[in-house]
*Asks:* 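After the structure tokens below, expect a handful of questions from me.
Sequential numbering from 1 along the given sequence is applied to the chain's residues. For the numbers below, each heavy atom of this structure counts, side chains included, while hydrogens, waters and symmetry mates do not.
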Amino acid sequence: MNKGEEGENLITAQAMYGYTHYIYGEAYYGSFGGMRYRMAREPLEDVRFAPAEKQQEGQFMVTVWPEPLSYEKTPEDKKKNFYFPFTEQGRLDAIACLNEQYRSGKEDWDKIRSV
């Protein structure tokens with residue numbers, strides 16, 4: 001992750017799991033500047049031994065919510081979900097969405113960090 005120019009990605013693709021990792025049925029959790037996030041293949045299931053068609057079914061789901069609570073402890077009404085195709089491009093679009101959510105809510109995320 002980089003702290004940098006307004007247009008720079010703060011959450012990078014290199015910092016996240018690669019595309020194929022998500023077929024194992026594991027979510028990626030992270031946080032950046034007051035914003036917590038989760039990215040996973042939905043439905044969240046291990047499909048690594050399934051046929052390729054089954055592996056490609058589903059979608060990426062990205063969730064953002066305010067610190068300090070974990071995904072499980074945060075009320076659903078505090079979470080925002082976004083969906084993308086389960087492809088490498090979908091993974092990159094999901095990461096771009098995380099950066100956009102951080103930038104667009106920066107004032108709120110900063111307030112959360114200062115509490």
Side-chain angles (χ1 to χ4, degrees):
M1 290 185 259
N2 298 323
K3 289 186 180 182
E5 301 287 321
E6 187 80 17
E8 238 179 284
N9 285 335
L10 307 167
I11 301 166
T12 65
Q14 294 80 13
M16 306 285 283
Y17 291 150
Y19 167 77
T20 56
H21 185 85
Y22 294 95
I23 66 172
Y24 286 77
E26 296 178 16
Y28 182 92
Y29 295 89
S31 64
F32 188 84
M35 179 184 84
R36 297 221 176 186
Y37 58 91
R38 174 187 183 269
M39 188 162 118
R41 179 188 175 277
E42 292 297 326
L44 186 63
E45 60 184 338
D46 184 345
V47 293
R48 66 189 139 151
F49 299 116
E53 310 82 58
K54 174 74 173 165
Q55 289 179 5
Q56 294 169 350
E57 289 176 2
Q59 55 194 339
F60 278 110
M61 183 175 94
V62 171
T63 305
V64 298
W65 68 95
E67 289 183 346
L69 299 177
S70 69
Y71 178 79
E72 292 78 15
K73 301 281 185 184
T74 300
E76 290 301 315
D77 65 334
K78 299 282 185 193
K79 298 176 187 175
K80 291 183 187 176
N81 296 316
F82 304 89
Y83 299 90
F84 301 89
F86 190 68
T87 62
E88 176 58 19
Q89 186 59 53
R91 183 181 82 91
L92 297 175
D93 292 344
I95 294 166
C97 174
L98 288 172
N99 284 297
E100 176 55 33
Q101 289 303 303
Y102 178 76
R103 284 187 190 96
S104 66
K106 188 167 180 346
E107 278 186 33
D108 293 331
W109 306 128
D110 286 346
K111 286 177 194 171
I112 290 164
R113 285 189 338 178
S114 66
V115 173

*Asks:* Given the rule that I, L, V, M, F, W and Y join up when any side-chain heavy atoms are under 4.5 Å apart, are Tyr37 and Ile112 in one cluster?
*Replies:*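 In one cluster: yes.
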
*Asks:* Cys97 and Phe82: which non-hydrogen atoms are nearest, and at how many Å?
*Replies:*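 Cys97 and Phe82 have their closest heavy atoms at SG-CG, 3.6 Å.
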
*Asks:* Determine the minimum heavy-atom distance between Met39 and Ala94, stating which atoms define it.
*Replies:*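 Scanning both residues, the minimum pair turns out to be SD-CB, 3.7 Å.
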
*Asks:* Any non-hydrogen side-chain atom of Met35 less than 4.5 Å from a side-chain atom of Ile11?
*Replies:*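 With C-beta onward as the side chain, the pair touches.
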
*Asks:* Which residue pairs satisfy the salt bridge (charged side-chain N to carboxylate O under 4.0 Å, His left out) criterion with at least one member in residues 59-75, sequence neighbours excluded?
*Replies:*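 Non-adjacent pairs meeting salt bridge (charged side-chain N to carboxylate O under 4.0 Å, His left out): zero.
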
*Asks:* Within the structure provided, determine whether Tyr102 and Val64 are in side-chain contact (heavy-atom separation under 4.5 Å).
*Replies:*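 Contact flag for Tyr102/Val64 side chains = no.
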
*Asks:* Backbone N or O of Asp93 within a donor-acceptor pair of the Arg91 side chain at under 3.5 Å?
*Replies:*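 Checked: no pair found.
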
*Asks:* Quick one: list whatever passes salt bridge (Lys or Arg N to Asp or Glu O under 4.0 Å) with Glu100, sequence neighbours left out.
*Replies:*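 Testing Glu100 for salt bridge (Lys or Arg N to Asp or Glu O under 4.0 Å), a comparison that skips the adjacent residues, returns none.
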
*Asks:* How long is the gap from CZ on Phe49 to CD on Gln55, to the nearest 0.5 Å?
*Replies:*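 It comes to 10.0 Å.
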
*Asks:* Is the count of non-hydrogen atoms from other residues, nucleotides or ligands lying under 6.0 Å from Glu107 atom CD greater than 12?
*Replies:*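 For Glu107, atom CD is not crowded (no more than 12 foreign heavy atoms under 6.0 Å).
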
*Asks:* Take Arg41 and Gln56 through the side-chain contact (heavy atoms from CB on, under 4.5 Å) test and state the conclusion after the steps.
*Replies:* CA-CA 10 Å; Arg41 179 188 175 277; Gln56 294 169 350; over 6 Å; no

*Asks:* What distance do Thr74 atom OG1 and Arg38 atom CZ have between them, rounded to the nearest 0.5 Å?
*Replies:*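 Between Thr74 OG1 and Arg38 CZ, I get 12.0 Å after rounding to 0.5 Å.
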
*Asks:* Looking only at heavy atoms, which two atoms of Pro43 and Gly58 are closest? And how far apart?
*Replies:*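 Minimum heavy-atom contact is CD-CA, 4.1 Å.
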
*Asks:* By the rule that ILVMFWY residues connect when side-chain heavy atoms come within less than 4.5 angstrom, directly or transitively, which residues belong alongside Leu69?
*Replies:*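 In the cluster with Leu69 there is nothing else; it is isolated.
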
*Asks:* Measure the spacing between NZ of Lys54 and CZ of Arg48 and express it to the nearest 0.5 Å.
*Replies:*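 Lys54 NZ to Arg48 CZ: 15.0 Å, rounded to 0.5 Å.
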
*Asks:* Grouping I, L, V, M, F, W and Y whenever their side-chain heavy atoms are under 4.5 Å apart, do Leu92 and Leu10 come out in a common cluster?
*Replies:*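 Per the 4.5 Å side-chain linkage, Leu92 and Leu10 are not co-clustered.
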
*Asks:* Strictly distance-based, threshold 3.5 Å: is any side-chain N or O of Trp109 a donor or acceptor partner for the main-chain N or O of Phe32?
*Replies:*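 No.
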
*Asks:* Which other residues end up in the same hydrophobic cluster as Tyr71, if Ile, Leu, Val, Met, Phe, Trp and Tyr are linked when side-chain heavy atoms come under 4.5 Å apart?
*Replies:*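 So far as hydrophobic clustering goes, Tyr71 is joined with Tyr29, Met61, Trp65, Tyr83.
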
*Asks:* Give the table of side-chain donor-acceptor pairs shorter than 3.5 Å for residues 14-23, with sequence neighbours excluded, one pair per line with atom names and distance.
*Replies:*
unit_1, atom_1, unit_2, atom_2, d
Tyr19, OH, Phe86, O, 3.3
His21, NE2, Glu26, OE1, 3.1

*Asks:* Under the rule for side chain to side chain donor-acceptor pair (under 3.5 Å), what residues qualify as partners of Lys80, not counting sequence neighbours?
*Replies:*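 By the side chain to side chain donor-acceptor pair (under 3.5 Å) rule, Lys80 matches no residue at all.
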
